[in-house]
Structures are given as structure tokens and as C-alpha cells.
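Protein chains get the first letters and strands the later ones, always in sequence-line order, with residue 1 at the start of each.
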Amino acid sequence: MIIPHTHNSSSIVRVRFAPSPTGPLHLGGIRTALYNYLFAKKYGGTFLLRIEDTDRKRFVPNSESYILETLKWCQIEPDEGVGYGGDHSPYYQSQRGEIYRVYIKKLLEEGHAYYAFDTDQELHVKRKEFHDRGFTFSYNADFRMHLNNSLTMTRKQLSDQLNSCSSYVIRFKIQPGEKLKMHDIIRGNIVVHTDHLDDKILLKSDGVATYHLANTIDDHLMKITHVIRGEEWLPSMSLHLLLYRALGWIPPKFAHLPLILRNDGKGKLSKRNIESLNFPIYPLQWKDPETKNIITGYRELGYFPEAFVNMLALLGWSPGGKKEIFSLKELINFFSLEKITKSGVFFNISKANWFNKQYLKKKKEEILSYLYKKLKKRSLFYEEDYLSKVIHLTIDRVHFVHEIWKHSFYFFISPSSYEKKFFHKICDQRIIDQLEFWKISLSNINQFTSVHLRLFLFFQTKKNEKKRHQIMQLLRIALVGELKGSDLFIILEMIGKKESIRRIDNLMKKIKEKINNGNGFF
RNA sequence: GGCCCAUUCGUCUAUUGGUUAGGACAUCAGGUUUUCAUCCUGGAAAGAGGGGUUCGAUUCCCCUAUGGGCUACCA
């Protein structure tokens with residue numbers, strides 16, 4: 001009988017998002033956080049945030065606040081960890097050195113780790129030598145007995161070496177000859193032979209633990225049940241499993257997420273060379289503390305966090321079925337690690353825009369307040385009813401709140417210019433005569449409603465469709481400035497008789513000016 | 001080079017041995033419309049290749065190819 005993968009109260013889910021503070025989060029990072037969050041919430045578990053700052057050289061100021069702000073904006077805030085407290089502090093790896101030291105000592109004593117004194121330079125030379133001869137150098141069982149480490153020393157030699165203050169690292173001793181059988185929730189069974197592994201450094205010469213060690217110890221101590229991380233970590237899963245075993249701990253379950261790939265050429269998404277990408281990769285604007293360059297984010301571009309999260313959730317995961325719009329609650333409800341895709345994914349900005357549009361349709365309030373602000377700047381005031389009508393008439397044309405103005409300005413102000421090509425064509429005395437005729441006709445209409453106006457104009461031109469077409473284009477240019485926009489008669493009704501006539505006058509004036517100036521030249 | 005992972009329309013994906021291989025975005029055509037956009041209808045568009053297993057493979061296995069990751073005293 002197959003026992004399904006279930007989670008109950010006896011196995012409380014605890015997951016972590018563990019970024020390193022080397023700059024802003026990108027699409028891939030935030031998606032990893034999202035999946036961790038969804039998984040935790042689905043099983044009533046805990047989502048914790050740990051900062052993996054074991055590499056001091058790569059530290060970038062403001063990264064942490066950026067990460068915190070991003071999670072907040074996406075509404076996937078941690079329950080525990082940096083910025084949220086908890087029983088397992090500190091949540092910065094840089095503050096956990098004492099803890100790591102305890103376990104390093106244990107590994108050393110039990111023969112799972114050893115001191116190594118080879119310098120960076122020596123190893124570099126060795127690697128190059130091997131490479132030139134067509135071989136691969138690996139610090140492993142084949143070579144460690146020929147290198148400068150505690151395995152090749154007597155006790156005395158070792159203590160002398162250590163006392164002489166020469167710098168050293170501590171390496172993990174991999175036992176060769178084993179077929180390691182592992183399981184990944186997304187990928188299934190994976191087998192790696194330990195012969196292919198090398199003796200990874202656990203403690204760097206500056207006394208700081210490497211990611212591998214810190215990560216393993218922290219995940220255990222913080223009672224992490226599921227490690228959900230990017231696929232770039234898949235090759236280290238064997239190392240981590242071996243570390244759990246050496247420390248006598250039960251490992252968590254692993255799920256390695258497919259990578260988000262660059263669609264401009266090669267490689268995984270990263271913070272490098274983002275200029276060549278045709279889409280933004282940061283959720284929030286990032287100001288580089290060194291260069292002061294500002295790189296825009298999805299928030300600044302006008303994406304709603306809900307749309308952003310929805311889009312991201314479906315990039316590498318699908319619950320099946322045809323539904324695509326999911327609230328965060330629904331995402332939590334439908335989420336499952338098993339349904340995450342295995343292959344790398346390409347990001348599609350037009351789909352992201354489509355998602356935003358779906359959410360925009362439900363956000364009339366936000367557009368309303370945006371219009372209010374926009375109008376207030378011009379000292380214009382309109383009734384909410386009027387604004388609502390405008391929004392109703394134009395919302396289908398936009399993907400973002402800020403786009404509403406360029407599609408609705410003509411309900412509030414006269415066009416500031418006329419479409420050049422068309423305007424050029426209508427610079428003619430006959431056009432002025434026509435406009436004059438329609439201006440008078442319109443001013444004589446008492447019921448200035450779209451229904452009446454439509455009837456009137458259609459009646460007037462019932463024998464000449466071409467003419468109707470032409471006059472409507474003329475009026476549209478007068479009202480909007482270009483051959484675009486909402487229903488002409490509705491615009492007329494909305495802005496009213498007085499304003500309509502004023503705009504027709506404006507156009508006539510501009511045509512006259514053009515005719516007069518033009519004559520001087522030709 | 002070594003090790004690992006992956007491979008369904010252009011993109012995101014559904015379909016876990018029997019389907020006309022479904023949907024969404026994008027794209028194209030037609031319709032609606034005074035215009036643009038929307039909207040509606042429709043089209044084109046996919047199982048990398050080769051071997052097996054099987055009555056039958058997109059689905060299972062192997063090989064090749066391609067893509068990706070890792071191969072640091074980076075995470």
C-alpha cells in the first residue's frame with residue numbers, strides 16, 4: 001500500500017527562505033520565497049526568514065531592508081526570523097559562529113572533517129596542471145593523502161602547524177565507494193556516487209563557516225522540515241545529506257525548483273547583465289549603493305502585488321485546469337510541491353501585463369483616486385459620477401493605472417495638438433466651411449445626448465456614408481486630437497455642448513493659421 | 001572535461017499507456033465599430049531524434065542531441 005504524502009499536526013511544517021544579502025532579490029528569489037510561503041500556509045506551518053551572510057566580501061548594504069520590503073509588498077511575510085523574532089535566534093548566520101564551532105569540533109573529533117593547510121595558490125596551480133594534462137583535480141579521497149592536511153600529519157606535526165598560526169581551512173571528509181540514493185519531492189529519486197564528490201570546505205580560513213555547513217546546522221536547529229530552494233543547489237544535496245548523516249541528524253525533505261532562465265541568450269536569471277534583458281527582474285526599485293544607479297522594479301512600473309504574485313506563482317507551477325487568476329488564498333489552497341514543473345522556464349512579460357490587466361479590472365477605486373490626483377494637479381474638479389463613467393469607458397484600453405490618463409484626457413481637457421498627418425490633410429477652406437456648418441448645427445441641438453446626436457448626424461448624412469465618415473473623423477480630431485478613443489457621440493455628450501463647440505472652434509482656428517502661414521511659403 | 005537535472009505549440013502549461021494532444025499569453029484572419037482599443041468567432045502553431053518494452057506510447061526504459069545547473073576559502 002502506498003502511503004500518500006501527508007502532513008498532519010504531528011509533523012509541523014517549517015520552511016525557510018534564506019537569501020544572502022548580496023543585493024536585491026530577483027524574480028527567481030522572490031518566487032522561491034513565494035513557494036515556501038504557500039507551502040507553509042497550506043499546512044498551517046511556519047515560514048521563516050534567515051539571512052545567510054557568511055560571505056562578508058559580497059555583502060551589499062540595504063539588501064536586507066530590500067528583502068523585507070519585497071516580502072511585505074508581496075504580502076508573503078515571514079512568521080519568524082530576521083525582522084520577526086522567534087525562538088531560534090539569531091537568524092543571521094554571521095552571528096552563529098559559536099554554534100557552528102561546536103559542530104565543527106564534533107565532526108573533527110569523529111573523523112568526519114580534517115584540517116587542510118594548502119594555500120589557495122597551491123591548489124590553483126594544481127588545478128591548472130591537471131587541467132592542462134586533460135585531467136580534473138578534485139580535493140577528494142584520491143588526492144587528499146598527497147596534500148597538506150591533518151590526515152597526512154602526526155599529532156605533533158598538526159599541533160605545531162596549528163600553533164604556528166598558519167591559516168587553515170576545515171574540510172569535510174567524503175567516504176568514497178557509496179551509491180547515494182536521494183529523493184527530491186519534485187524530481188523523484190536521484191543517485192549520486194560519492195566517488196564524484198570532493199571534500200568541501202566547511203570552515204573558511206577567516207574562521208567563518210561556509211554556506212554548506214551553516215545551512216545544514218541551521219536547518220536542523222531551526223527544525224526545518226522541507227528545504228525548498230533553487231535547482232542550482234541540486235548538486236550540493238548529496239553533500240548536505242552526508243553532513244546530516246555525519247552529525248547524526250534526520251535530514252529534512254528537499255524540493256529543488258526549476259530555474260528561471262534568461263530569454264536573451266544563455267544562463268539562469270541573475271543580477272548580472274540585466275540591461276540586455278527585455279524585462280525587469282526586480283520586484284522593487286533598487287538603488288545601487290555604489291554607483292547610485294537606479295533600476296526600476298515591478299512595483300514602480302505599476303504592477304499590482306497580487307498580479308505579480310499570481311503571475312510568479314504560475315511560472316513553474318500549475319494546479320492543472322483552466323483557471324489562471326488566483327488570489328493568494330486560492331494559491332495557498334491549490335499549492336502543491338509535486339505539481340511544480342521540472343524544467344527551466346522563460347519569463348514572458350506580455351503575460352505578466354495581461355495578469356495585471358485582469359486585476360486592474362477589479363481596481364476601479366485605484367484608478368479613480370489616480371484620476372482625482374491627476375486632475376487636482378491641473379486644478380480641475382469633477383464629480384465622482386463623471387469620473388466613474390470615464391473609467392467605465394476607458395478601462396478596457398489599459399494594463400496599468402497610470403495609463404488611464406493618456407486614454408481619457410479628452411474627457412477633461414482639450415487636445416494640446418492634432419495628429420500631424422491628418423491635420424495636414426484638412427488644411428483647406430472647404431474643411432473650415434464644413435466645420436462651421438456642423439458647429440452651428442450642433443449648437444442648435446437642444447437635447448445634447450449621445451442618442452440624439454447620433455440620430456441627428458446619421459440623418460444628416462444618410463445619403464452619403466463617405467461624408468458621414470469624414471465628418472466624424474473631423475469631429476474626432478477636434479475633440480480628441482487623434483483618430484482614437486471612445487464613441488464620438490458619448491464624448492460629445494460627456495464634455496457637453498459648450499466645450500464641444502469650443503474644441504471645434506479651436507480646430508478651425510488652427511487650420512486657418514496653418515492656411516495663412518502656409519500660403520506665405522508656397 | 002567530470003557530475004547532476006531537464007526536454008509537449010514562439011512562451012507558460014494540461015494530458016502520468018488508448019485524446020481530433022486541451023487551455024492561456026503572443027500572433028494571424030474575419031465579425032462588431034465613425035476611429036483606436038475592447039469584445040465575439042475562427043486559423044496557424046507542439047510531444048528533440050533514434051532504438052526498445054507493449055496489442056498500443058507524449059506518457060515506461062536505453063542511447064544520442066540540445067538546453068540548464070554545479071564543478072570556489074560565493075551563496
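- Heavy-atom distances to RNA chain B give each of A:Leu234 and A:Asp55 a nearest nucleotide, and the one nearer the 5′ end belongs to A:Leu234.
- For A:Lys342 and B:A14, the NZ to C1' distance is 14 Å, given to the nearest whole Å.
- Across the protein-nucleic acid pair, A:Leu239 atom CG and B:A75 atom P stand 13 Å apart, rounded to whole Å.
- Put simply, the side chain of A:Ile426 does not reach to within 4.5 Å of the side chain of A:Tyr418, judged on heavy atoms.
- The phosphate of B:C74 (OP1 or OP2) has a side-chain N or O of A:Lys57 nearer than 4.0 angstrom.
- Among the atoms of the strands shown, none is found under 4.0 Å from any heavy atom of A:Leu203.
- As rounded to the nearest Å, B:G23 and B:U8 have C1' atoms that lie 13 Å from one another.
- Spacing between atom CG of A:Asn189 and atom C1' of B:C5 amounts to 14 Å, rounded to whole angstrom units.
- Counting heavy atoms from C-beta on, the side chains of A:His399 and A:Tyr303 never come closer than 4.5 Å.
- When the P atom is compared between B:G30 and B:C36, the two are found 13 Å apart, to the nearest whole Å.
- Remark: A:Thr54 is in phosphate contact with B:A75, judged by side-chain N or O atoms under 4.0 Å from OP1 or OP2.
- Spacing of P atoms, B:U20 relative to B:C12, comes out at 27 Å, to the nearest Å.
- Of the N and O atoms on the side chains of A:Thr22 and A:Lys271, at least one donor lies less than 3.5 Å from an acceptor on the other residue.
- When the P atom is compared between B:U64 and B:C4, the two are found 13 Å apart, to the nearest whole Å.
- An OP1 or OP2 oxygen of B:C74 is reached within less than 4.0 angstrom by a side-chain nitrogen or oxygen of A:Lys204.
- Across all strands shown, B:G67 forms a Watson-Crick or G-U wobble pair, both distances under 3.5 Å, with B:C5.
- For the pair A:Lys339 NZ and B:U16 C1', the computed distance is 10 Å after rounding to whole Å.
- Among the nucleotides B:A6, B:U35, B:A75, the one closest to any side-chain atom of A:Arg476 is B:U35.
- Looking at heavy-atom distances under 4.0 Å, A:Ser205 makes contact with a base.
- One interatomic measurement links the two molecules: NZ of A:Lys466 to P of B:U35, which rounds to 15 Å at whole-angstrom precision.
- Note on A:Glu231 versus A:Lys268: no salt bridge recorded, every NZ/NE/NH1/NH2 to OD/OE distance being 4.0 Å or above.
- Nearest to the side-chain atoms of A:Asn348 among the listed nucleotides B:U7, B:G10, B:U34 stands B:G10.
- Residue contacts for A:Arg229: at a heavy-atom cut-off of 4.0 Å it reaches no nucleic acid atom on any strand shown.
- Pair check for B:U11 finds B:A24; Watson-Crick or G-U wobble, both atom distances under 3.5 Å.
- For B:A24, the base has a donor-acceptor partner in the side chain of A:Lys351 [N/O atoms by modelled type, under 3.5 angstrom].
- In this structure, of B:G69, B:A24, B:C73, it is B:G69 that holds the atom nearest to the side chain of A:Pro235.
- Here the nucleotide nearest the side chain of A:Leu488, chosen from B:G69, B:U34, B:A75, is B:U34.
- Comparing B:A37, B:G69, B:A24 by their closest approach to the side chain of A:Leu259 singles out B:G69.
- Checked for salt-bridge contact, A:Glu419 and A:Lys421 miss the test: no charged N lies under 4.0 Å from a carboxylate O.
- Counting non-hydrogen atoms under 4.0 angstrom, A:Asp132 reaches nothing in the nucleic acid.
- Side-chain atoms of A:Ser350 lie closest to B:A26 of the nucleotides B:U34, B:A26, B:C36.
- Rounded to an integer number of Å, the gap from A:Trp233 CH2 to B:G69 C1' is 12 Å.
- Residues A:Pro252 and A:Phe254 meet the side-chain proximity criterion, which asks for heavy atoms closer than 4.5 Å.
- Within the 4.0 Å cut-off from OP1 or OP2 of B:U13, at least one side-chain nitrogen or oxygen of A:Thr341 is found.
- At the heavy-atom level, A:Thr136 lies under 4.0 Å from base atoms of the strands shown.
- Base pairing of B:U33: no nucleotide in any strand meets the Watson-Crick or G-U wobble criterion (both distances under 3.5 Å).
- In this structure, A:Asn149 places its CG atom 15 Å from C1' of B:C73, rounding to the nearest Å.
- B:C9 and B:U15 are spaced 14 Å apart, taking the C1' atom of each and rounding to whole Å.
- As judged by a 4.0 angstrom heavy-atom cut-off over every strand, A:Glu52 is placed among residues touching the sugar-phosphate backbone only.
- B:A46 and B:U35 have their C1' atoms separated by 38 Å, given to the nearest Å.
- When distances run from any side-chain atom of A:Glu231 to the nucleotides B:C12, B:G68, B:U71, the shortest one goes to B:G68.
- Rounded to whole Å, the distance from CZ on A:Phe346 to C1' on B:A26 is 16 Å.
- For A:Ser343, the listed nucleotide lying nearest its side chain is B:U7; candidates were B:C70, B:C25, B:U7.
- Within 4.0 Å (heavy atoms only), A:Asn353 reaches no atom of the nucleic acid at all.
- Checking B:A75, B:A24, B:A6 against the side-chain heavy atoms of A:Glu324 singles out B:A24 as nearest.
- Among the heavy atoms of the strands, none lies under 4.0 Å from A:Phe117.
- One C1' atom belongs to B:C3, the other to B:G49, and the distance between them is 24 Å to the nearest Å.
- A cation-pi arrangement is not found for A:Lys425 relative to A:Phe423, the charged atom failing to lie both closer than 6.0 Å to the ring centre and inside a 45° cone about the ring normal.
- Closest-nucleotide positions on RNA chain B for A:Val345 and A:Gly134 were compared, and the one nearer the 5' end corresponds to A:Gly134.
- Within the structure, every side-chain polar atom (N or O) of A:Arg187 is placed at least 4.0 Å from both OP1 and OP2 of B:C4.
- Regarding contacts with the backbone of B:A24, every side-chain N or O of A:Lys357 stays at 4.0 angstrom or more from both OP1 and OP2.
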Could you pull out every donor-acceptor pair under 3.5 Å between side chains of residues 134-142 of chain A and any protein atom, sequence neighbours left out?
{"residue": "A:Ser138", "atom": "OG", "partner": "A:Asn140", "partner atom": "ND2", "Å": "3.4"}
{"residue": "A:Tyr139", "atom": "OH", "partner": "A:Asp118", "partner atom": "OD1", "Å": "2.5"}
{"residue": "A:Tyr139", "atom": "OH", "partner": "A:Asn149", "partner atom": "ND2", "Å": "3.1"}
{"residue": "A:Asn140", "atom": "OD1", "partner": "A:Asp142", "partner atom": "N", "Å": "3.0"}

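- With distances taken from any side-chain atom of A:Lys268 to the nucleotides B:U71, B:G69, B:G1, the minimum falls on B:G69.
- Between B:C40 and B:U32, the two P atoms lie 16 Å apart (nearest whole Å).
- For the side chain to side chain donor-acceptor pair (under 3.5 Å) with A:Gln93, the lone residue among A:Asp218, A:Asp53, A:Asp55 that qualifies is A:Asp218.
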